[in-house]
Undergrad: 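One structure is given below, represented as structure tokens, and several questions about it will come after.
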Amino acid sequence: MERNLKELISQMTLEEKAGMCSGLDFWYLKNVDRLGIPSVMVSDGPHGLRKQDDKGDHLGINDSIKAVCFPPACLSACSFDRKLMTELGETIGKEAQATDVSIVLGPAVNIKRSPLCGRNFEYYSEDPYLAGETAAAFIDGVQSQHVGTSIKHFAANNQEFNRMSNSSEADERTLREIYFPAFETAVKKSQPYTVMCSYNRINGTYASENPWLLTDVLRDEWGFEGYVMSDWGAVNERVPALKAGLELEMPSSGGVNDQEIIKAVQDGTLDEAVLDRAVERILNISFKWVDNRKEQPFTMEADHDFARHTAEQSMVLLKNEDVLPLKAEEKVAFIGGFAKKPRFQGGGSSHINSFRVTSALDTAAGMEEISGNITYAEGFPADQDVYDEALAAEAVEAARKADKAVIFAGLPDSFESEGYDRTHMRLPECQNRLIAEIIKAQPETIIVLHNGSPVEMPWLSDVKGLLEAYLGGQAVGEAVVNILYGKVNPSGKLAETIPYKLSDNPSYLNFGNGEKTVYHEGVFVGYRYYDTKEMPVAFPFGYGLSYTTFEYGNLKLDKTELTDQDTLTVSVDVTNTGAAAGKEIVQLYVRDNSGACIRPDKELKGYEKVSLEPGETKTVTMTLNHRSFAWYNTDLKDWYAASGKYEILIGASSRDIRLSETVEMHSSVKPPLKLHLNTTLGELLSDDRTREYGEYLTNKMSSFFHSSSEEASEAITDEMNNAMVASMPIRNVISFGICTKEEVLDGLNKITLK
């Protein structure tokens, strides 16, 4: 339906316009009945609907409607499957239509800077490329149903401690390369209807009132077209926030902040045109929903099946020493409280009131071919860290009598949740203790992990099998059993690195501070740090096993030289060399060998998931563009790929590179010259624009230091002399009397004028 929103807004009173910029209550936007402006509802969340009434709360304390809990982002991102994520979005979009929800508050794409962040279970990855591609696919799915999304939390919201006041202190290159790209990709590829700003400050300025963030970057650079809403309670000062680009405050402020807007317009400190623009952006999205409203059944049973399918395609087999898949005739002991009562989602605002939850124990009991061979021992409770001698003894005995033991371990709800961060990476001590005892009694032991973020594994070298189920959604039990027994071939790969211990993490010394958190590690987050340092890890980024094997070959590039205006097409053949059908995730990394700046060893710039029958070969093709090679140059205020050589790496994980080729980049862009008397001779030599003059000064300086005596030659080698000269500033040419200041300045001016 065509509407003239500007005409509609011109008929609104100042009070009505100000009122449109905050919620009616916890979940609804305000209506203006006399003008036909409806009240629409927003709702959590990224992995299922948490629809509450107007007495709702943001932290999930009160009940919501019965709904379907799909696998949270910590698991679904491990699918590395854009098509699956689009289908997940479509399913949630249809559920939103069925329940009159206009905007789903998700996806959440904040980077997993530290494994301690209490909200990591809601976030996709430590890698911005994977997070952005996954988010864009999900948004496409939801919005195909004319339901909006609200990508969150923009930006640099990487801890829960003091999240409403803490300042994330990061340089611009770090923000641009690590913490912004997932949002940027989603905006440019999929245009989420809304963006949710984060609670925290960024370099001292609240995200909610940061014009550089919300207007300069989000709108002017990336072309965002929707409206920005606050996280619940994230507004610090309402009028500065509105000026900065925050259109909607959530939830209702009870009219307090509406009055601030009215007063600012009346006293001339706020241009009413800014308010009108905000209202227009909000109404444009609300009417998109209203005009495309359609009846839609809430197909919970079918959606439960899809939740199971999503979990099956995402779970990661981390270790398998010939113990999996289990055979139907084997006697297997299921041990651990999670086998009966699985932890399948995180706590807080995204907590779903699931209409059904399936456990591994119930699933196995319902499978006639295996039910008679399964025994169960609780061993330890699912909800607390308590070692019970009797329960432990029963579990050890059950494991001893079985052919194999499967221990369902993980983190209780109290160990990780929105609102607070973990203080360590350990499992409950009762679990580690029992695992060690069971391994002694039963060497054929398999661990299934239920956790929202990585855990330390002191027993890792002693277990034969390990399945990372993360938080698997309400159908987790079915998915786990189907993978354990080989009905489904696991195909997920890690969207984050699992370090051996917490202190290995690059943010270890700079996480969780109160007033300011300094991102000292810069762009070296996750595998960018571990791989560059060549640090041993428990499991690397992108890692995951299958019940079959794959070989890579025939890597081809469509060119060996390119400019920053070109694209590069990369193709590689993948063959299933095993006996089972399976899916492989082919990963493309780029390594910068230009030497232009300090960069990570490699960065993910492409991936594809391919399904193969035994013996089948398929060609996977990926395309790289300028951004695939570039880093953010703060002098240029733009992305820059320096001239030089780059390696194209094809791998099964960041640590399992199978094939590589080299390309030569010819950049058409040069960083601005910064020539002054403290520029070093080495810097002059490294740039082709200044190299000739640098060689001239270097030769003069070298002659000055050169000595013909044998004793001096032994004391100062050519290598030492060259290094000293390269690190000397130009002013030393003057101070040593080699050239006059006028001669040097004249030479620099000639370069600048070229």
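This is a predicted model, so every value here is computed, not measured.
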Undergrad: For S125 and D127, does a side-chain donor sit closer than 3.5 Å to a side-chain acceptor?
TA: no
Undergrad: List for me each residue that meets side-chain contact (heavy atoms from CB on, under 4.5 Å) alongside Q143, sequence neighbours excluded, and say none if there are none.
TA: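 Checked Q143 against side-chain contact (heavy atoms from CB on, under 4.5 Å); matches are I139, T149, P192, Y193.
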Undergrad: Are any of the side-chain nitrogens in R343 or E416 under 4.0 Å away from the carboxylate oxygens of its partner?
TA: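 A salt bridge links R343 with E416.
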Undergrad: What class does the angle between the rings of W27 and W232 fall in, given that below 30° is parallel, 30 to 60° is tilted and above 60° is perpendicular?
TA: tilted
Undergrad: Please state whether the rings of F355 and H304 are parallel, tilted or perpendicular, taking 30° and 60° as the class boundaries.
TA: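 Perpendicular: the ring planes of F355 and H304 meet at over 60°.
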Undergrad: Specify the closest pair of heavy atoms between V101 and S43, including all atoms of both residues, with the distance to one decimal.
TA: CG1-CB, 3.7 Å
Undergrad: Is K51 reaching over with its side chain to a backbone N or O of T99, donor-acceptor style, under 3.5 angstrom?
TA: yes
Undergrad: Is a donor from one side chain sitting under 3.5 angstrom from an acceptor on the other, for S491 and K609?
TA: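 Note: S491 and K609 side chains meet the donor-acceptor criterion.
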Undergrad: Compute the ring centroids of H47 and F70, then answer whether they are less than 6.0 Å apart.
TA: no
Undergrad: Side-chain contact test, heavy atoms from C-beta onward, threshold under 4.5 Å: evaluate it for K30 versus S39 and give yes or no.
TA: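 Contact flag for K30/S39 side chains = no.
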Undergrad: By side-chain contact (heavy atoms from CB on, under 4.5 Å), which residues pair with E225, not counting sequence neighbours?
TA: Q191
Undergrad: Is it true that S453 and R422 share a donor-acceptor pair across their side chains at a distance under 3.5 Å?
TA: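 Note: R422 and S453 side chains meet the donor-acceptor criterion.
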Undergrad: Would you say the rings of F334 and F408 are close, in the sense that their centroids are separated by under 6.0 Å?
TA: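 So the answer is yes for these two rings.
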Undergrad: Indicate yes or no: at least one non-hydrogen side-chain atom of F138 is less than 4.5 angstrom from one of P107.
TA: yes
Undergrad: Under a 3.5 Å distance rule, please check whether D385 uses its side chain to pair with a backbone N or O of C430 as donor and acceptor.
TA: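 Yes: the side chain of D385 pairs with the backbone of C430.
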Undergrad: Looking only at non-hydrogen atoms, find the nearest pair between A360 and V481 and report the distance.
TA: O-CG2, 3.5 Å
Undergrad: With a 3.5 Å cut-off and no angle check, do the side chains of D303 and T91 form a donor-acceptor pair?
TA: no
Undergrad: When you compare the side chains of D140 and S190, does any donor N or O come within less than 3.5 Å of an acceptor on the partner?
TA: yes
Undergrad: Would you check, one step at a time, whether the test salt bridge (charged side-chain N to carboxylate O under 4.0 Å, His left out) holds for E456 with R426?
TA: CA-CA 5 Å; E456 293 170 2; R426 298 185 299 275; 5.3 Å; no
Undergrad: When you measure from the side chain of S354 to the backbone of R356, do you find a donor-acceptor pair of N or O atoms at a distance under 3.5 Å?
TA: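 Not a single qualifying donor-acceptor pair exists.
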Undergrad: Between E418 and R119, is the closest basic N to carboxylate O distance under 4.0 Å?
TA: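 A salt bridge is present here (some side-chain N lies under 4.0 Å from a carboxylate O).
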Undergrad: Is D388 reaching over with its side chain to a backbone N or O of L391, donor-acceptor style, under 3.5 angstrom?
TA: yes
Undergrad: Taking atom types as modelled, is there a side-chain donor on Q159 or D421 under 3.5 Å from an acceptor on the other?
TA: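 No.
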Undergrad: Could you tell me whether the side chain of E247 and the main chain of V228 form a donor-acceptor pair under 3.5 Å?
TA: yes
Undergrad: Taking the side chain from N489 and the backbone from Y547, do they hold a donor-acceptor pair closer than 3.5 Å?
TA: yes
Undergrad: Strictly distance-based, threshold 3.5 Å: is any side-chain N or O of N158 a donor or acceptor partner for the main-chain N or O of I111?
TA: yes
Undergrad: Does any non-hydrogen side-chain atom of K294 lie less than 4.5 Å from one of Q97?
TA: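 SC-SC contact between Q97 and K294 confirmed.
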Undergrad: Is the backbone N or O of P71 less than 3.5 Å from a side-chain atom of T310, with the two atoms forming a donor-acceptor pair by type?
TA: no
Undergrad: Between the side chain of S359 and the main-chain N/O of P342, is any donor-acceptor distance below 3.5 Å?
TA: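 No, the answer is negative, given that no donor and acceptor are paired below the 3.5 Å cut-off.
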Undergrad: Within the side chain of E468, is there an N or O that forms a donor-acceptor pair under 3.5 Å with the backbone of Y470?
TA: yes
Undergrad: If you look only at distance, which donor and acceptor atoms sit under 3.5 Å apart when one is on a side chain in residues 76-85 and the other is two or more places apart or in another chain?
TA:
| unit_1 | atom_1 | unit_2 | atom_2 | d |
| --- | --- | --- | --- | --- |
| S79 | OG | S76 | O | 2.7 |
| S79 | OG | D81 | N | 3.3 |
| D81 | OD1 | K83 | N | 3.1 |
| D81 | OD1 | L84 | N | 3.0 |
| R82 | NE | E133 | OE1 | 2.8 |
| R82 | NH1 | Y607 | O | 3.0 |
| R82 | NH1 | E608 | OE2 | 3.4 |
| R82 | NH2 | Y129 | OH | 3.4 |
| R82 | NH2 | E133 | OE1 | 3.3 |
| K83 | NZ | E87 | OE2 | 2.6 |

Undergrad: I'd like to know if K94 pairs up with E90 as an ion pair, taking the criterion as any Lys NZ or Arg NE/NH1/NH2 lying under 4.0 Å from an Asp or Glu carboxylate oxygen.
TA: no
Undergrad: Is any side-chain heavy atom of F338 closer than 4.5 Å to a side-chain heavy atom of L449?
TA: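 Not in contact.
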Undergrad: Side-chain contact test, heavy atoms from C-beta onward, threshold under 4.5 Å: evaluate it for T194 versus I103 and give yes or no.
TA: yes
Undergrad: Kindly compute the distance separating CD1 (I407) from CG (L466), expressed to the nearest 0.5 Å.
TA: 11.0 Å
